[in-house]
Protein chains: 4
Amino acid sequence: MTKQAAILGASGYAGAELLRYLVPHPEIDVVWVTGNRNAGRALDEVHPHLETGLVLQSLDADTVPDLDVAFLALPHGAGAAASKTLADRGVKVVDLGPDWRLHDAAAYDEWYGFAHAYPDDLASWVFGLTELHREEIAGAPKVANPGCYSTAAILALAPAVRAGVVEAQGIVIDAASGISGAGRKLAERYLFSELEASYSAYGVGKHRHVPEIEQELGGITVTFTPHLVPMARGLLVTCYARMTDGVDAVRESLETAYKGEPFVRVMSTQPATKQTSGTNTALIGVGSDERTGLAIITCALDNLGKGAAGQAVQNANLMLDLDETLGLRGPAVYP
Amino acid sequence: MTKQAAILGASGYAGAELLRYLVPHPEIDVVWVTGNRNAGRALDEVHPHLETGLVLQSLDADTVPDLDVAFLALPHGAGAAASKTLADRGVKVVDLGPDWRLHDAAAYDEWYGFAHAYPDDLASWVFGLTELHREEIAGAPKVANPGCYSTAAILALAPAVRAGVVEAQGIVIDAASGISGAGRKLAERYLFSELEASYSAYGVGKHRHVPEIEQELGGITVTFTPHLVPMARGLLVTCYARMTDGVDAVRESLETAYKGEPFVRVMSTQPATKQTSGTNTALIGVGSDERTGLAIITCALDNLGKGAAGQAVQNANLMLDLDETLGLRGPAVYP
Amino acid sequence: MTKQAAILGASGYAGAELLRYLVPHPEIDVVWVTGNRNAGRALDEVHPHLETGLVLQSLDADTVPDLDVAFLALPHGAGAAASKTLADRGVKVVDLGPDWRLHDAAAYDEWYGFAHAYPDDLASWVFGLTELHREEIAGAPKVANPGCYSTAAILALAPAVRAGVVEAQGIVIDAASGISGAGRKLAERYLFSELEASYSAYGVGKHRHVPEIEQELGGITVTFTPHLVPMARGLLVTCYARMTDGVDAVRESLETAYKGEPFVRVMSTQPATKQTSGTNTALIGVGSDERTGLAIITCALDNLGKGAAGQAVQNANLMLDLDETLGLRGPAVYP
Amino acid sequence: MTKQAAILGASGYAGAELLRYLVPHPEIDVVWVTGNRNAGRALDEVHPHLETGLVLQSLDADTVPDLDVAFLALPHGAGAAASKTLADRGVKVVDLGPDWRLHDAAAYDEWYGFAHAYPDDLASWVFGLTELHREEIAGAPKVANPGCYSTAAILALAPAVRAGVVEAQGIVIDAASGISGAGRKLAERYLFSELEASYSAYGVGKHRHVPEIEQELGGITVTFTPHLVPMARGLLVTCYARMTDGVDAVRESLETAYKGEPFVRVMSTQPATKQTSGTNTALIGVGSDERTGLAIITCALDNLGKGAAGQAVQNANLMLDLDETLGLRGPAVYP
C-alpha cells in the first residue's frame with residue numbers, strides 16, 4: 001500500500017516543488033495540503049500548473065489526519081509547534097524550515113533572534129543532509145531538512161575538511177542563488193523589473209545558513225556571502241580553503257566520499273547551475289590557485305531540488321524504508 | 001522485456017530532451033545514439049548534464065542495430081534517407097524533422113526549396129499530432145512528429161475550425177518561442193548578449209511550419225508570424241479567428257475535443273509558457289474581442305516537450321503498444 | 001536661463017526614467033519631485049541609482065512652486081485634478097497618465113469604469129504623439145502623453161491607414177511588452193520567479209490602450225492583444241492589415257511619413273526591442289504575407305522611452321520652444 | 001574645433017559602446033571605424049541600432065588618417081603593432097586590449113603565452129585606471145585601458161590596501177560578470193540557450209586579469225575566481241581581506257579615496273549591477289564578517305562602461321585636455 005503524505009505550506013515554491021516530485025511518485029500519495037492564507041481554495045488556483053484535485057486546508061496541525069509522513073514548508077518559527085504536534089502523534093516529519101536544524105538552542109537566539117520553544121527536543125532531530133547522515137535518517141521519525149546554501153556548502157567542504165586536506169580555519173564561501181530562494185514573498189526587491197539583468201550581494205556577514213554549515217563542518221568558523229542571480233532557480237557555492245596536500249588530495253577526498261552516491265557527482269569540468277535544473281543532483285567542481293595554495297571547490301544544485309524538496313523526498317524515502325531514489329531519477333531540464 | 005531505442009541526432013537540444021524523457025522511462029531503453037560531428041565522444045562530453053554511459057556513433061543508418069524504435073532529430077533533408085533505411089528494416093521510426101510531415105511533395109519544393117527524394121513514400125507516414133491522429137499512430141511503423149509551432153497552432157484551432165464555430169478564412173496566428181527552438185546552431189543572432197532582454201519577429205510571411213498547419217486545418221490558408229522571446233524554452237500561439245456563434249461555442253468545441261486528454265488542458269485563465277516547462281502538456285486559453293467578433297485562442301507548451309521530444313515519446317508509446325503516458329507524467333518545473 | 005520642472009509621481013519607473021533624461025538635459029532642471037507614499041525621503045533612497053539631492057514631496061499640487069513645466073506620472077484618475085490645478089496656474093503640463101488622452105468623455109466610463117471629473121476640459125488637451133501632432137504640441141500648455149502600446153501601434157499603422165494602402169477594418173494588433181510596463185506595482189504575478197522564462201497573454205479583448213489607438217487611427221475598430229515578455233523594458237507591436245495596393249505602397253507610406261523624423265526609423269530588417277533600449281527611438285519593420293494579402297507592420301520601442309518618458313521630454317521640448325531633440329540623442333544600450 | 005577619433009575594432013561590443021558614448025559627445029567626432037571581417041560594410045549593418053553613416057574600414061593602421069585619438073578594441077596580441085604605428089605618428093591612443101597594461105614583459109609570457117613584441121615600449125604606457133593615475137593620464141599620448149574585472153577589483157581594494165587597513169596577503173576576489181564580457185565571440189557556450197538561467201565559475205585559478213590587479217595593488221598575490229551571470233552587461237566583485245583596524249577604517253579609506261570623484265560612489269547599501277547599467281559609474285559597498293575579521297568589499301559597474309568604453313572615454317577626455325566627464329554624465333538605465 002502506498003504511503004500517505006501531507007504538505008503543510010503548499011502555497012509557496014518549496015511546497016509546489018514537493019508536489020512536482022510527489023505527484024508522479026510511485027509509493028507516496030499526497031492527500032492533504034495546507035495554505036493558511038489560501039485555505040479553502042483549490043490548489044490549482046494558487047499553482048495553475050498543478051492539477052491535483054486537492055483543496056488547501058488551514059494550517060491547524062490538529063486537523064491533519066494520521067498519515068505516514070508530513071512535509072513542512074513553513075516560515076521559520078511557524079513550523080516548530082506543528083511539527084511537534086505531528087511527531088508526537090506518530091506522523092513522520094520532514095521539516096524544510098530551520099526550526100530543528102541546529103543542535104544548540106542558543107544559536108536560535110543569536111542567528112534568528114528568538115528563543116527556541118522546545119530546546120530539549122532539538123537533540124531528537126536528525127540533520128537531513130542525506131549523504132552525511134544516511135544511517136541516522138533511515139527509519140528516523142524526525143528529520144530537519146538543510147537549507148539550500150548549507151546543502152551545497154557542506155557537500156563541497158565536508159569531505160576535504162574531514163580528510164584534513166584543507167585547513168578548517170579561514171574558509172571563505174561565496175554563494176549565488178536564483179530568486180526562488182527568497183520564496184514567493186511580496187517585496188519590491190523581488191519584482192521582475194528590479195532583478196532582471198542584475199546581480200548583487202546581500203546578507204553580508206550574517207546569513208542564517210551559517211550556523212548550519214559550521215555545525216556540520218565540525219564547529220569551525222566560516223565567512224559566507226550570498227548573492228542574487230537573475231534566474232528563478234539554481235544555486236552555486238564557490239569555496240576557498242587552504243590546501244595542506246595539493247589539489248589532487250582534495251579531489252580524491254571528494255571522489256571517495258561520493259563514490260556510488262546517486263545524487264552527487266564530482267565533475268572534471270566546472271558545473272553550471274542549469275545542469276541541475278529540476279533535479280535532486282549536486283554537481284561538484286574542483287580547482288585551485290596554485291600560486292596562493294587555495295583549493296577552489298564549487299557545488300551547483302537546484303535550490304528547490306537537492307536544496308529543498310528533492311532532498312526532502314530523498315529523506316522521506318529513507319524514513320519510510322523505500323528505495324532512496326524513488327521519484328527522483330531523471331536528467332536535468334536543459335536547456 | 002523493455003523496448004530498445006536509438007536516437008539519431010543526439011547532440012542537439014531535441015536529442016537531449018528525448019534522453020531526459022527516456023532515461024527514466026520504464027519500458028524504453030536508449031542503447032544507441034548518433035551525433036555526426038561528435039562521433040566517438042561520450043554523450044556526457046556533449047551534454048554534461050546527461051550521465052548515461054552512451055558513446056555517440058556516427059550517423060550511418062546501416063550501422064544502427066535492429067532495434068524497436070528510432071527517434072530522428074536531424075536537420076531537414078538529412079533524415080529522409082536514414083528514416084527510410086531504418087523503416088525498411090522494420091525499425092519503427094519517429095522522425096522529429098519535417099521530411100515526412102507534408103502529404104504533398106510539391107510543398108517541399110515550395111516551402112523548403114528542395115525536391116523530396118521519396119515523394120511516393122509520403123503517404124505511408126502518419127502526421128504525429130497525437131490528439132488528432134491517435135488511432136492511426138497506434139501500432140504505426142512511421143510517424144512524422146509535428147513542428148513545435150504547428151503543434152500549438154493546430155491544437156488551438158482544429159476543434160473550432162472543424163466544429164465550424166470560427167470561419168476557416170482569415171485566420172491570423174501570432175506566435176512566440178523560446179530560443180531553443182532554433183536548436184544548438186552557432187550563429188551570432190543566437191548569442192546570449194544579442195537576445196537577452198530582446199523580442200523580435202522573424203520569418204515574416206514565410207515560416208516553414210505554415211504548410212503543416214494548413215494541411216491539418218483542412219487545407220485553409222493562414223497568416224503566421226513567429227517571434228523570439230528571451231527564454232530558452234516555451235512557446236505560445238495567439239490565434240485570431242472570426243466567430244460564427246460566440247465565444248461559448250468556441251470554448252465548448254475545445255473542451256469537447258480535449259475532454260479526457262492526458263496532455264491537453266483548456267483553462268479558465270490565460271496560460272503562461274512557464275506552466276508547461278519540462279512537460280508534455282499543452283495549455284489552452286479562450287478569449288474574444290466582442291466588439292470585432294474575433295475569437296482569441298492561445299496555446300502554451302514547451303517547444304522541446306509537447307512541441308518535440310515529449311510528443312515523440314507519446315507517439316512512440318502508442319506505436320509500441322505501451323501506455324501512452326509512460327514516462328511523461330509529472331507537473332511543470334515551476335518557477 | 002534654464003527651465004524649471006517638477007515630476008509628480010517620481011517613485012515609479014516612468015518617474016525615474018524622466019530623471020534619467022532630465023538630469024543631463026541642458027535646458028531643463030528638475031527642482032521638485034513628489035512621491036506620496038515616500039514623501040520626506042531622499043529620492044536616492046527610493047531609486048539608489050539616482051543621486052540628485054532631491055527630496056520627495058507629498059503630492060499636493062497646491063504646494064508645487066510656479067515652475068515652467070510639470071510631468072505627471074500618476075495612476076489613472078489621480079492625475080486629473082493635479083494637472084488641472086497646475087495648468088490653471090500657468091504651469092505647462094505633460095501628463096503621462098491616461099486622464100486626458102481621450103477626446104470622448106464617455107470612453108472613460110466604458111474603458112476605465114469611472115466618470116471623468118472634467119469632461120469639458122478634454123478638448124483643451126493635445127494628444128502627445130509627437131510625429132502626428134507636432135504643430136499642436138509646439139507651445140501648447142497641456143499635452144496628454146500617449147500610452148506605450150498606443151505609441152507603437154499608432155506609429156506603425158497611421159501612415160498606411162491614412163494613405164489608404166491598408167483597409168481600416170479588420171486590423172489585428174498583437175503586442176508584447178517588458179514587465180516595467182506594469183510599473184513598480186507589488187503583485188505576485190510580477191515577481192521575478194513568476195515571470196522569468198515565461199510568456200503569456202493578458203487583458204485579452206479589453207486593454208485600455210485600445211480607445212487611444214482607435215481615436216488616433218480615425219475612429220476605426222481594432223483587435224488588440226498584449227503579452228508579457230520576460231524582460232524589464234522593450235515593447236513590440238505586430239500589426240496585421242489587409243493591403244489594397246501591395247507591400248511597396250505600405251512601405252512607401254511609412255517612409256514618406258517619417259522621412260527626416262529624428263526618432264522614427266523605417267528599417268529594411270525586422271527591429272528587435274533591444275535596439276531601442278534606453279532611447280526615444282521607434283523602429284519600424286515592414287513585411288507581408290503575399291498569399292493572404294496582409295501587411296505585417298512591426299514597431300519596436302522602449303516602453304519607458306518613446307513609450308513614456310522619452311516622448312514626454314520630446315513634447316516638453318516643443319512646448320517650451322526648445323530644440324525637440326534636446327537630451328534625447330544617443331544610441332541604444334546594446335547589448 | 002572638435003577632436004577627431006578612430007575606433008579600431010568597431011564590430012564588437014566594446015566598439016559599439018564607444019560609439020554610444022561618442023556619437024552624442026560634444027567635443028569628439030568619430031570619423032573612422034575599422035572591422036576586419038566586415039570591412040566595406042556599413043556600420044549599421046553590423047550594429048543595426050547604430051545609425052552613423054560610417055563604413056567599416058579594414059584594419060590597416062597605415063591607412064588610418066592623422067586624427068587626434070584612436071581607440072583600439074582588438075583581441076589581445078592584435079593591437080600592439082597597430083597602436084605602436086599610430087602612436088609613433090602622433091595619434092593619441094587608448095588601447096582597450098591588454099597589450100600594454102602590464103609593466104613586466106615576462107608577465108605576457110606567463111599569463112598570455114606569447115612573447116611581447118615591444119617589451120621596451122611597455123614603460124611608456126600609462127595604466128588607465130583613471131582614479132589612480134589621473135595626473136599621468138592627463139595629456140598622455142598612450143593609455144592602456146584596464147580590464148573590466150581589474151577596474152572593479154582595484155577600485156574596491158586599492159584604498160584599503162594602501163591605507164594598510166586590510167592585510168595585503170590572503171585576499172580573495174570572487175567576481176561575476178554578464179556575458180558581454182566574452183565579447184561577440186561565436187562559441188556554443190555563449191549561446192542564449194546555454195546561459196539563460198545558469199551560473200557557473202570559469203577560468204578558475206588562471207584568469208588573465210590577475211596580473212593587472214596584482215600590479216596595481218602593489219605587487220601582492222591574490223586569488224581570483226570569475227563567474228558568468230545570465231545577463232548581458234554588469235559586473236560585481238566581492239573582495240575578502242583581513243582587517244587590521246575594523247570595518248569603519250575600511251569604509252573611511254574608501255570614502256577618503258573617492259571623495260569628489262564623479263564616477264565612483266561609496267554606498268551605504270549593497271550595490272546591484274543594474275544600478276550601473278549604461279553608465280561609467282562604479283558603486284562600492286562595504287561590509288564585514290565580524291566573527292572572522294574579514295572585510296567584504298563589493299564593487300559593481302557596467303563591464304562595457306567603467307569596465308571598458310566608458311573609462312576609455314574618460315581617459316580620452318583627460319588626454320585631450322577636455323572636461324573629464326564630457327559625454328559620460330547621466331543616470332543608469334534602470335530598470
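Letters go in sequence order (proteins before strands), and every chain restarts at 1.
- Only the backbone of Ala187(C) comes within contact range of chain A, judged by heavy atoms closer than 4.5 Å.
- Side chains of Glu196(A) and Glu196(C) form no contact here, defined as non-hydrogen atoms less than 4.5 Å apart.
- In this view, Ser180(C) and Asn303(C) satisfy the side-chain hydrogen bond (donor to acceptor under 3.5 Å, both in side chains) rule, not counting sequence neighbours.
- With rounding to the nearest 0.5 angstrom, the OG atom of Ser193(C) is 13.5 Å from the NZ atom of Lys185(A).
- Ala175(C) pairs by the side-chain contact (heavy atoms from CB on, under 4.5 Å) definition with Tyr149(C), Phe224(C), Val237(C), not counting sequence neighbours.
- Between Glu194(A) and Tyr190(C) there is no side-chain heavy-atom pair separated by less than 4.5 Å.
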Check against ring pair (Phe, Tyr, Trp, His ring centres under 6.0 Å), Phe192(A) and Phe192(C) = CA-CA 4 Å; Phe192(A) 183 91; Phe192(C) 183 90; 5.2 Å; yes
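- When all heavy atoms of Leu191(A) and Leu186(C) are compared, the pair lying nearest together is CD2-CD2, 4.0 Å.
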